[in-house]
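Just below is one structure, and these are the notes that go with it.
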Number of protein chains: 2
Amino acid sequence: MNTSELLKGTLTTIILKLLADNGKMYGYEITQKVKELSGDKILVKEGSLYPALHKLLSDGLVEVETVNIGKRVRKYYYLTPQGQVRKQAQFKELQEFLQTMQHMLFPSLNPQMP
Amino acid sequence: MNTSELLKGTLTTIILKLLADNGKMYGYEITQKVKELSGDKILVKEGSLYPALHKLLSDGLVEVETVNIGKRVRKYYYLTPQGQVRKQAQFKELQEFLQTMQHMLFPSLNPQMP
DNA sequence: TTTTAGTACATAGCTATACAATGTATTAAA
DNA sequence: TTTAATACATTGTATAGCTATGTACTAAAA
């Protein structure tokens, strides 16, 4: 097992969260932000990111705005209203999951389950 | 997305942890313990559990002791020395991952990354 | 006494998802 | 001028948990 297995199911939520926080972001920017926020511990690969973004797009959770930077293309992604709703739901679910795992694995730190 | 996606990469670690804590356990017992410890939030399915246990067995991380309870068969699993080593490593990795996720998603609660 | 729920094992096939490897192209720094 | 960084993308692969299904015993409820 390596961290990438643990990341499963969380990447989409991370993307939605970052877009919610920052308004709009482009792919490469997302990878760098995740790297920064995680203290270099989580490195999102292109082979994970772009398929995930395309899926969000086809699901109508994000929309894209293409910008030309010189001769280079940048695609800014931002949440749709549905995307914002979904973000809330997934964020909460992930939050609860993380807490449940904490309770299960380190019960000493969190004495009583609600 | 449902919780099962989030569980990926964590199930084996949970099993190793439970066996380390309880000495030996059988499959059904593990499912019930996880259910209990997680406050009914994580329900390990047979289709997940038994393949995971068989993998641990073939990897030499656990061994099995078959016990007859009346006419019913019970298979108690317990950690091998390698299993104990692996448990430590995976447990630490999961712990760090959970913390990293907390820092990423709820930075307000955990101000500074080390 | 029959039915239901619970206990206890197991497997075949499915699906989702992150990754490795690879590719194209521009730009800035060494 | 070569290297590293920026910026997009796709193909194929592996992993792992799930659904559905199956067998069989036991205890409680109807």
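In what follows, chains carry the letters A, B, and so on, assigned in the order in which the sequence lines appear, proteins first and then strands, with residues in each chain numbered from 1.
Counting any heavy atom pair closer than 4.0 Å across all strands shown, A:Leu11 reaches sugar-phosphate atoms only and no base atom.
Close to D:dA9, at under 4.0 Å from its OP1 or OP2, lies a side-chain N or O of A:Lys75.
Mapping A:Lys55 and B:Glu29 onto DNA chain C by nearest heavy atom places B:Glu29 at the nucleotide closer to the 5' end. Looking at which nucleotide of DNA chain D each of A:Lys8 and A:Tyr77 is closest to, the 5′-most match is held by A:Tyr77.
No single ILVMFWY cluster, assembled from side-chain heavy atoms under 4.5 Å apart, contains both A:Tyr78 and A:Leu16. Both B:Ile14 and A:Phe106 are members of a single hydrophobic cluster when ILVMFWY side chains are connected at heavy-atom separations under 4.5 Å.
In this structure, A:Leu57 atom CG and D:dC8 atom C1' are separated by 14 Å, rounded to whole Å. Atom NZ of B:Lys45 is separated from atom P of C:dA10 by 19 Å (rounded to the nearest Å). Whole-Å rounding puts the B:Leu7 CG to D:dT15 P distance at 18 Å.
For B:Val73, the side-chain contact (heavy atoms from CB on, under 4.5 Å) test picks out B:Thr66, B:Asn68, B:Lys75, with sequence neighbours left out. Residues passing the side chain to side chain donor-acceptor pair (under 3.5 Å) test with A:Lys35: none are found, sequence neighbours excluded. A:Lys45 pairs by the side chain to side chain donor-acceptor pair (under 3.5 Å) definition with nothing, not counting sequence neighbours.
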For nucleotides 11-13 of chain C, list the nitrogen or oxygen atoms of the protein found under 3.5 Å from its nitrogen or oxygen atoms, one pair per line.
residue	atom	partner	partner atom	Å
C:dT11	OP2	B:His54	NE2	3.3

N/O to N/O distances under 3.5 Å, protein versus nucleotides 26-30 of chain C:
residue	atom	partner	partner atom	Å
C:dT26	O2	A:Arg72	NH2	2.0
C:dT27	OP1	A:Lys71	N	3.0
C:dT27	O4'	A:Arg72	NH2	3.3

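Of the possible donor and acceptor atoms, none in the side chain of A:Ser48 sits under 3.5 Å from a partner among the backbone N and O of A:Val44.
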Let me see the working for B:Thr12 and B:Arg86 under side chain to side chain contact (heavy atoms under 4.5 Å, CB included), right down to the final yes or no. CA-CA 10 Å; B:Thr12 296; B:Arg86 179 69 69 85; over 6 Å; no
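Salt-bridge annotation for A:Lys41 and B:Glu96: absent, with no side-chain N of the basic residue lying under 4.0 Å from a carboxylate O of the acidic one.
When the nucleotides C:dC19, C:dA8, C:dA10 are ranked by their closest atom to the side chain of B:Arg74, C:dA8 comes out on top.
In plain terms, the two heavy atoms of B:Glu65 and B:Lys24 that are nearest each other are OE1-NZ, 3.4 Å.
DNA chain C lies under 4.0 Å from at least one heavy atom of each of the following residues of residues 14-26 of chain B: B:Tyr26.
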